[in-house]
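Below: the structure, in structure tokens.
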Protein chains: 2
Amino acid sequence: MGTAFDQDTEQWRARFRNGCPSRTVLEVLANKWALYVLSALRRADGPMRFNELRRLLGDITQKMLTQTLKNLERDGLVARTVYPTVPPRVEYALTELGVDVGRLTHAVGEWAVTHAPEIIAARARYDGRASQPPVPVTMI
Amino acid sequence: MGTAFDQDTEQWRARFRNGCPSRTVLEVLANKWALYVLSALRRADGPMRFNELRRLLGDITQKMLTQTLKNLERDGLVARTVYPTVPPRVEYALTELGVDVGRLTHAVGEWAVTHAPEIIAARARYDGRASQPPVPVTMI
DNA sequence: CCGTATCCAAAACGATACTG
DNA sequence: CAGTATCGTTTTGGATACGG
């Protein structure tokens with residue numbers, strides 16, 4: 001028969017078997033550009049056009065911007081509005097949920113500002129203090 | 001000459017050029033097993049041995065557990081202690097920074113519990129409500 | 001202007017076999 | 001017990017060309 005410990009363990013395990021919301025949220029944010037697109041839209045505090053985003057982000061390719069925006073739209077974080085003009089005009093803006101995610105990423109950023117230097121230092125220690133490039137730690 | 005807007009834009013861009021701490025933190029958490037290993041060590045609230053972790057996590061391979069622990073150790077989140085016995089005994093525990101990351105992931109989990117269902121619903125809407133598998137949304 | 005489609009390289013992940 | 005080494009698959013990101 002299972003002990004009380006086994007039951008707790010099974011409960012704990014169940015959270016990882018699939019559908020773990022923490023994982024879902026991290027999947028949204030963990031790809032290369034999502035954080036930056038979100039930040040750009042948050043900064044704009046209003047709708048932005050496709051090429052406006054592209055110029056702001058600088059070195060993102062069309063493919064990756066399209067893909068990132070599509071994912072964010074799918075996840076309900078960004079709203080896409082198409083104006084049927086010629087040439088076409090497409091605007092992107094944060095949804096309510098997107099604004100809320102922005103608060104979450106801001107919290108992560110706050111934590112990062114104070115603790116990422118410790119992570120970077122730990123890495124330098126682990127890597128054997130050989131030829132460490134000068135890392136700017138004052139950014140967000 | 002640059003306008004005030006251009007200067008703000010350049011400042012904003014500078015945060016993405018490299019060394020963005022938010023990115024650093026997400027890199028730590030975004031891989032497949034880090035969150036779960038962290039959670040296991042947090043739950044144990046003390047040192048755990050390699051195979052103890054392996055059994056608890058269930059379907060992780062040796063390779064991925066080794067790799068994940070190595071990364072977490074490199075990032076200063078987990079402390080590895082080797083006892084020179086035969087057979088060898090190796091213990092893993094959260095560092096202070098690891099405990100602190102635990103608080104961060106807990107915050108993400110809290111947000112996820114309340115909002116991941118909205119993300120999942122948005123995906124279902126976007127995907128055209130075709131054959132959605134029953135998703136358990138009450139987990140962490 | 002706002003995308004798609006295609007191809008390619010690199011990285012993450014997993015299965016399996018072997019070692020002090 | 002606690003790993004390392006190797007190999008194959010899958011996923012991710014980027015470059016380029018083309019279309020409504």
Are any side-chain N or O atoms of A/Thr68 and backbone N or O atoms of A/Leu65, one a donor and one an acceptor, separated by less than 3.5 Å?
no
B/Arg54 (side chain) donor-acceptor with B/Arg49 (main chain) under 3.5 angstrom
no
Once you apply a heavy-atom cut-off of 4.0 Å, does B/Arg54 come out as touching a base, just sugar-phosphate, or nothing?
nothing
What is the nucleic acid contact for A/Tyr92, judged by heavy atoms within less than 4.0 Å: base, sugar-phosphate only, or nothing?
sugar-phosphate
Under 4.0 Å: is that the gap between some side-chain N or O of A/Asn51 and OP1 or OP2 of C/dC2?
yes
Hey, is the side chain of A/Lys70 poking within less than 4.0 Å of OP1 or OP2 on C/dT4, counting only N and O atoms?
yes
Between atom [atom1] in [X] and atom [atom2] in [N], what is the gap in whole Å?
X	N	atom1	atom2	answer
B/Tyr83	D/dG3	OH	C1'	18 Å
A/Lys32	D/dA15	NZ	C1'	13 Å
B/Arg49	D/dA2	CZ	P	4 Å
B/Leu69	D/dA2	CG	P	11 Å
B/Asn71	C/dA12	CG	C1'	11 Å
A/Leu26	C/dA12	CG	C1'	16 Å
A/Arg89	C/dC1	CZ	P	11 Å
B/Trp33	C/dC13	CH2	P	10 Å

Which residue lies toward the 5' end of DNA chain C, B/Asp59 or A/Pro87, if each is placed at its nearest nucleotide?
A/Pro87
Among the candidates [options], find the nucleotide nearest to the side-chain atoms of [X].
X	options	value
B/Gln62	C/dG14, C/dC1, D/dA2	D/dA2
B/Lys63	D/dT4, C/dT4, C/dG14	C/dG14
B/Pro88	D/dA2, C/dC13, D/dG13	D/dA2
B/Arg80	D/dG14, C/dG14, D/dG3	D/dG3
B/Phe50	C/dT4, D/dG3, C/dC13	D/dG3

Charged N-O contact under 4.0 Å between A/Glu10 and A/Arg13:
yes
Mutual orientation of the aromatic rings belonging to B/Trp33 and B/Tyr36 [parallel < 30°, tilted 30-60°, perpendicular > 60°]
perpendicular
CD of A/Glu52: more than 12 outside heavy atoms within 6.0 angstrom?
yes
